[in-house]
Amino acid sequence: MDSKKDILCIGHITHDRIITPSTPQGVDCAGGTAYYVAWALNHLPKDISYGIVTAVGDDLKHEIEKLQAAGVSIQDLGSPTSVFFENSYGRNMNNRRQKVMSKAAPFTIEQLSDVEADVFHLGTLLVDDFAPEVVEYLAQKGRVCLDVQGYLRKVCNNRVYAVDWTDKLRVLKHTDILKVNEYEIDVLTDGERDLQRGARLISSWGVREVLVTLGSYGSLIYDGNRFYEIPSYSPRQVVDATGCGDTYAAGYLYARAQGADCEEAGRFAAAMCTLKLEHTGPFDSTIDDVRRIMASK
């Protein structure tokens with residue numbers, strides 16, 4: 001990576017197969033936190049600097065080339081194989097069944113020794129993507145934003161199951177921003193169904209900002225002092241929810257990097273999610289589109 005970034009997203013770009021009621025045969029595309037964050041930030045004004053660090057196999061090298069051609073600062077560390085997910089959705093796009101067809105190599109301290117950023121956004125997809133010592137190392141260099149999903153995934157016979165995370169207290173005390181959904185906060189807090197109590201518990205472990213995404217019901221943000229209830233915006237049509245959480249994180253970090261408070265950043269992120277939900281693939285709208293959505297309520 002050639003220079004220090006305001007936001008550096010580290011995570012695997014994936015091979016995704018998306019199965020929905022309208023596409024029962026499945027649609028193959030790229031995915032993963034790094035992919036959705038890269039394209040989302042690339043479609044916003046270049047008011048901040050950002051970069052991507054990923055690791056893919058030969059099957060996804062063409063996606064790296066596409067991002068580079070679009071002007072994204074991206075470093076591919078390489079991997080024998082790529083992560084391959086099969087995501088199946090029913091009519092309720094808030095729920096999905098997931099299979100893991102292949103995995104990629106984890107990220108190491110040695111690989112990340114030269115990266116510099118104000119915020120490191122770690123897109124965990126599977127439990128061994130980032131060992132605790134890697135998170136601790138990055139926390140010495142900048143703030144850490146963590147998408148918890150991968151740490152709560154156990155793969156058994158290619159199927160993905162939700163499990164608790166044994167290293168959570170060690171890692172979360174080094175985490176500034178944590179993104180979870182309503183199912184993940186339930187697992188993470190050992191069955192706490194009250195979202196506000198769950199967010200307070202996570203905050204007590206050392207996390208400064210807890211982002212709880214709730215699908216079509218909006219999101220809840222806790223900054224250690226107060227809660228912000230962020231409403232969702234109604235999309236023109238619901239096509240594909242894959243990548244919405246990553247799009248939310250991209251929008252939130254983008255807005256926060258420009259000085260927005262938690263509530264404003266949450267509303268900006270929610271508007272980006274609405275636009276992304278209307279099609280398969282990453283966010284591809286403009287800042288004017290985001291502002292139009294935000295002005296709708």
Side-chain angles (χ1 to χ4, degrees), residues 5-7 9 31 33-50 70-72 92-94 118-119 121 123 143 145-147 149 176-182 184-185 195-196 199 208-297:
K5 307 298 184 185
D6 293 315
I7 301 170
C9 179
T33 296
Y35 178 79
Y36 286 106
V37 168
W39 283 115
L41 293 177
N42 194 56
H43 280 87
L44 297 174
K46 305 303 186 287
D47 300 323
I48 64 166
S49 62
Y50 71 94
V72 175
N92 181 357
M93 295 296 285
N94 292 329
D118 289 331
V119 176
H121 179 45
R143 289 180 292 150
C145 175
L146 186 66
D147 188 324
Q149 59 181 339
D176 294 272
I177 304 170
L178 183 73
K179 188 190 79 64
V180 296
N181 62 30
E182 66 268 42
E184 292 161 350
I185 198 171
L195 294 178
Q196 291 198 3
R208 296 185 180 183
E209 296 172 27
V210 182
L211 317 180
V212 187
T213 57
L214 305 170
S216 59
Y217 300 103
S219 56
L220 180 70
I221 300 173
Y222 182 56
D223 67 0
N225 294 303
R226 61 172 293 188
F227 286 94
Y228 303 90
E229 295 186 5
I230 311 298
S232 63
Y233 300 94
S234 299
R236 289 171 294 187
Q237 58 180 340
V238 176
V239 175
D240 184 5
T242 306
C244 276
D246 300 319
T247 302
Y248 185 98
Y252 185 85
L253 293 176
Y254 178 88
R256 291 289 277 153
Q258 296 189 83
D261 61 22
C262 293
E263 183 173 26
E264 183 181 357
R267 292 184 63 242
F268 185 89
M272 286 184 61
C273 283
T274 294
L275 292 162
K276 184 268 159 286
L277 188 61
E278 295 174 348
H279 69 281
T280 293
F283 174 88
D284 62 0
S285 302
T286 68
I287 189 72
D288 290 334
D289 294 324
V290 177
R291 289 171 177 157
R292 172 179 55 81
I293 296 293
M294 293 175 70
S296 67
K297 65 165 63 173

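These numbers come from the heavy atoms of this one structure, side chains and all, not from hydrogens, waters or symmetry mates.
Scanning both residues, Ser296 and Tyr233, for their nearest heavy atoms gives OG-CD2, 3.6 Å. Ala257 and Ile7 make their closest contact through CB-CD1, 4.5 Å (heavy atoms, listed as atom of the first residue, atom of the second, distance). Minimum heavy-atom separation, Ser232 to Ser216: OG-O, 2.7 Å. When all heavy atoms of Cys244 and Cys273 are compared, the pair lying nearest together is O-SG, 3.1 Å. Listed here is the closest heavy atom pair of Pro231 and Ala270: O-CB, 3.8 Å.
Every side-chain hydrogen bond (donor to acceptor under 3.5 Å, both in side chains) that Ser49 has, sequence neighbours left out, goes to Asp6. Legend: residues meeting side-chain hydrogen bond (donor to acceptor under 3.5 Å, both in side chains) with Ser219, ordered by chain and number and at least two apart, are Tyr248. A search for salt bridge (Lys or Arg N to Asp or Glu O under 4.0 Å) contacts involving Glu264 returns nothing, not counting sequence neighbours. Partners of Asp47 by side-chain contact (heavy atoms from CB on, under 4.5 Å), not counting sequence neighbours, listed by chain and number: Pro45, Tyr254, Gln258. Residues forming a side-chain contact (heavy atoms from CB on, under 4.5 Å) with Arg256 (at least two apart in sequence, or on another chain): Glu209, Tyr252, Cys262, Ala265. In this view, Val72 and Ala38, Asn42, Tyr50, Ile52, Leu67, Ile74 satisfy the side-chain contact (heavy atoms from CB on, under 4.5 Å) rule, not counting sequence neighbours. Tyr35 meets the side-chain hydrogen bond (donor to acceptor under 3.5 Å, both in side chains) test with no other residue; sequence neighbours excluded. Under the rule for a side-chain hydrogen bond (donor to acceptor under 3.5 Å, both in side chains), the partners of Thr280 that lie at least two apart in sequence or sit in another chain are Asp240. Residues forming a side-chain contact (heavy atoms from CB on, under 4.5 Å) with Arg292 (at least two apart in sequence, or on another chain): Leu275, Asp289. Remark: Asp284 engages no residue in a salt bridge (Lys or Arg N to Asp or Glu O under 4.0 Å) (not counting sequence neighbours).
Using a 4.5 Å heavy-atom cutoff, the side chains of His121 and Val37 are in contact. Residues Cys145 and Leu253 form a side-chain contact, since some pair of their non-hydrogen atoms from C-beta on lies under 4.5 Å apart. When side chains are defined from C-beta on, Ile221 counts as touching Ile230, because their heavy atoms get closer than 4.5 Å. Looking at heavy atoms from C-beta onward, Leu44 lies in side-chain contact with Met272 at the 4.5 angstrom threshold. Contact of the Cys9 side chain with the Thr33 side chain is registered, since non-hydrogen atoms from C-beta on lie closer than 4.5 Å. Using a 4.5 Å heavy-atom cutoff, the side chains of Phe268 and Arg291 are not in contact.
Applying the salt bridge (Lys or Arg N to Asp or Glu O under 4.0 Å) test to every pair with at least one member in residues 211-233, sequence neighbours left out, gives no pairs at all. Pairs passing the salt bridge (Lys or Arg N to Asp or Glu O under 4.0 Å) check and including a residue from residues 271-281, sequence neighbours excluded, read Arg236-Glu278.
Between Leu214 atom CG and Glu182 atom CD the span is 5.0 Å, to the nearest 0.5 Å. Here the CG atom belonging to Leu277 is positioned 13.0 Å from the CZ atom belonging to Phe283, to the nearest 0.5 angstrom. A distance of 5.5 Å separates OH of Tyr36 from OG1 of Thr242, quoted to the nearest 0.5 Å. Distance CD/Glu263 to CG/Asp261: 6.5 Å, rounded to 0.5 Å. If you take CZ on Arg143 and CG on Asp118, they are separated by 6.5 Å, rounding to the nearest 0.5 Å. Atom CG of Leu220 and atom OH of Tyr217 lie 15.5 Å apart (nearest 0.5 Å).
Thr213 and Asn181 are not linked by any side-chain donor-acceptor pair at a separation below 3.5 angstrom, with hydrogens and angles left out of the test.
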* To do: Mind running side-chain contact (heavy atoms from CB on, under 4.5 Å) on Asp147 and Asp246 for me, showing each step along the way?
  => CA-CA 8 Å; Asp147 188 324; Asp246 300 319; 3.6 Å; yes

* To do: Apply side-chain contact (heavy atoms from CB on, under 4.5 Å) to the pair Leu195 and Ile185, showing each step before the final yes or no.
  => CA-CA 8 Å; Leu195 294 178; Ile185 198 171; 3.6 Å; yes

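Ring orientation note: the planes of Tyr222 and Phe227 are close to parallel, at an angle under 30° on the 30°/60° scale.
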